[in-house]
2 protein chains.
Amino acid sequence: MTTTSVTSPAPIASDPGNVPAEASRPLRKDAARNRELLIASAREVFAQRGMEATLDDIARHAGLGVGTAYRHFANKHELARALMEQTIDGIVAALDAAGANPDPLAGLIGFLESAMAVQAADRGLRQVMMGMHDAAQMEQVHDRMGPVLEDLVGRAQAAGQVRLEVGPTDIGMMVTMLCTVADIVADAAPELWRRYLAIYLNGICTQTCSTDVMAAFPPLSEAQFRTAMAAYKGSLG
Amino acid sequence: MTTTSVTSPAPIASDPGNVPAEASRPLRKDAARNRELLIASAREVFAQRGMEATLDDIARHAGLGVGTAYRHFANKHELARALMEQTIDGIVAALDAAGANPDPLAGLIGFLESAMAVQAADRGLRQVMMGMHDAAQMEQVHDRMGPVLEDLVGRAQAAGQVRLEVGPTDIGMMVTMLCTVADIVADAAPELWRRYLAIYLNGICTQTCSTDVMAAFPPLSEAQFRTAMAAYKGSLG
DNA sequence: CTGTACCGGAGGTTGTTCCTCCGGTTCGTC
DNA sequence: GACGAACCGGAGGAACAACCTCCGGTACAG
């Protein structure tokens with residue numbers, strides 16, 4: 001879509017190039033420092049607490065006052081959007097790389113693993129990818145990933161690696177489901193999504209495999225499961 | 001929902017027996033009628049909009065004033081809890097029945113299908129089962145279902161029907177994931193959870209199957225997927 | 001017909017989120 | 001080293017939402 005003019009190569013993070021309407025004078029030293037602090041803080045806070053975090057939260061976490069935060073960013077959405085864009089670009093790039101893999105299933109699995117690893121560590125990102133926060137940004141993701149994914153699945157099927165009943169949106173739905181797992185066990189077992197990815201892949205592939213993954217990431221115990229589900233309480237929304 | 005008569009012979013629905021501290025006189029005719037209206041309305045509203053519905057909403061949906069609602073029920077939680085309890089009792093009963101099935105896998109699958117069918121139609125219930133609303137009630141569910149599920153999975157493994165790496169909490173996690181799907185496609189394809197249940201079963205069973213289910217419930221088209229994800233926006237929390 | 005139980009919904013209370021405002025501080029320049 | 005512009009901080013107000021109460025008016029039971 002319209003590449004946001006908000007940012008340059010090293011987007012938001014680096015320099016005073018992102019006031020759009022004005023060739024601004026260089027930020028004063030303290031202002032520049034605080035801007036960086038805010039961006040770093042935002043990254044952490046959004047990753048940890050998700051999009052419902054407040055600009056107030058971000059400011060406080062950066063050790064700054066609220067006013068300072070609002071002077072630098074009109075609102076949290078502007079900030080969040082720019083931050084997410086960077087991360088999503090990385091995921092899309094990973095998919096493009098996967099699309100070039102001569103072994104389509106290996107490419108697909110590799111992509112899923114890297115994309116999920118990023119999402120497992122970032123609750124804000126999960127919310128964007130699951131459509132729970134910014135619809136426009138999610139659309140953009142689908143625009144860029146849809147065709148590549150379709151091609152990859154098609155080729156994996158042609159190669160006899162993936163069952164013929166499977167469709168491209170099954171992959172999207174799988175990612176969404178795995179994000180739910182990642183949300184639930186973010187604290188207890190941050191890599192448990194790998195187990196359920198393995199099971200699901202088992203379900204859509206022609207050959208059974210992944211016994212080793214399932215051994216490496218065993219199921220939650222009954223007690224762990226209960227604790228995790230209870231903690232999930234307010235986790236979304 | 002179903003058009004069943006509101007006056008079921010079940011707990012909360014029937015009569016003035018649930019004012020605890022007082023052997024109350026029978027409700028006046030209009031009061032009794034309104035009480036039933038409120039209960040029916042609550043069932044619909046919670047199922048459709050989930051637990052974040054307000055007693056105000058329920059009253060309005062019943063065509064009554066807010067005051068009337070608050071006179072009958074101290075708050076929405078009291079009402080919700082009683083309502084959910086009935087539904088959950090049904091699910092637990094289904095599990096107990098499944099536990100008695102001589103074919104453990106058939107029992108397990110039958111239970112999952114019936115439990116998911118109920119949850120797919122009731123967003124409020126999904127929230128309770130996923131721990132997003134009432135922790136105590138969820139605990140109760142786990143207490144009653146945990147042992148039966150464990151036994152069922154164990155027997156299915158002993159019979160060589162389910163892979164040995166699988167644990168009982170995998171079933172719980174699977175249900176949770178399927179609830180996410182049900183949430184997303186509640187409007188677009190209310191039975192699509194069956195497809196993903198089939199895929200997961202494929203992933204945890206020793207034998208591949210379910211080709212027919214996957215054909216009967218095909219994947220969303222790209223366009224459907226996008227629409228559903230976009231609509232999911234505020235669906236949770 | 002009369003008194004009591006019940007109805008309705010305006011509006012108060014509390015809690016949350018977002019943002020603004022301005023006295024005081026720091027920076028960079030002369 | 002001193003002055004003005006740019007910046008900081010956080011109290012607090014505006015906007016919103018959820019929840020519940022109150023009381024004038026209405027419908028039922030005897």
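Proteins come first, then strands; the chains are lettered A, B, ... in the order of their sequence lines, and each starts at number 1. In this text, all values refer to a predicted model and were calculated from it rather than measured experimentally.
Residue whose closest nucleotide on DNA chain D sits further toward the 5' end, between A:T68 and B:N75: A:T68.
Remark: the backbone N or O of A:E78 is paired with a side-chain donor or acceptor of A:N75 at under 3.5 angstrom.
The side chain of B:N34 contributes no N or O atom lying less than 4.0 Å from OP1 or OP2 of C:dC6. Listed pair B:R71 / C:dC6 fails the phosphate criterion, with no side-chain N or O lying under 4.0 Å from OP1 or OP2.
Out of D:dC28, C:dT17, D:dA18, the shortest distance to the side chain of B:D30 is found at D:dC28. For B:R28, the side-chain atoms get nearest to D:dA27 when compared with the rest of D:dA27, C:dG28, C:dC7. Of the candidates D:dC8, D:dC7, C:dC7, D:dC8 carries the atom nearest the A:H72 side chain, counting heavy atoms from C-beta on.
Atom CG of A:L64 is separated from atom P of D:dC7 by 14 Å (rounded to the nearest Å). Rounded to an integer number of Å, the gap from OH of B:Y70 to C1' of D:dA18 is 8 Å. Atom CZ in B:R33 sits about 13 Å away from atom C1' in C:dG8, given to the nearest Å. Rounded to a whole Å, the CE atom of B:M51 is 12 Å from the P atom of D:dC19. One interatomic measurement links the two molecules: CG of B:D57 to C1' of D:dC20, which rounds to 14 Å at whole-angstrom precision. Distance A:K29 NZ to D:dC8 C1': 17 Å, rounded to the nearest Å. Summarising the geometry, the separation between CG on A:L37 and C1' on D:dC8 is reported as 13 Å, rounded to the nearest angstrom. If you take CZ of A:F73 and C1' of C:dC18, they are 17 Å apart, rounded to a whole angstrom.
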_Could you walk me through whether B:Y196 and B:M177 satisfy the side chain to side chain contact (heavy atoms under 4.5 Å, CB included) test, starting with their C-alpha distance in whole Å, then the side-chain angles of each, then the deciding distance to 0.1 Å, before giving a yes or no?_
CA-CA 9 Å; B:Y196 297 100; B:M177 289 190 279; over 6 Å; no

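Just one residue in the list B:T180, B:T176, B:D183 forms a side chain to side chain donor-acceptor pair (under 3.5 Å) with A:T180, and that residue is B:T180.
Electrostatic pairing of A:D57 and A:K76 does not count as a salt bridge here, judged by no charged N lying under 4.0 Å from a carboxylate O.
Between A:H133 and A:H77, the ring planes lie parallel to each other; the angle is under 30°, not in the 30° to 60° tilted range.
Side-chain atoms of A:D56 come within donor-acceptor range of the base of C:dC19, with a qualifying N/O pair under 3.5 Å.
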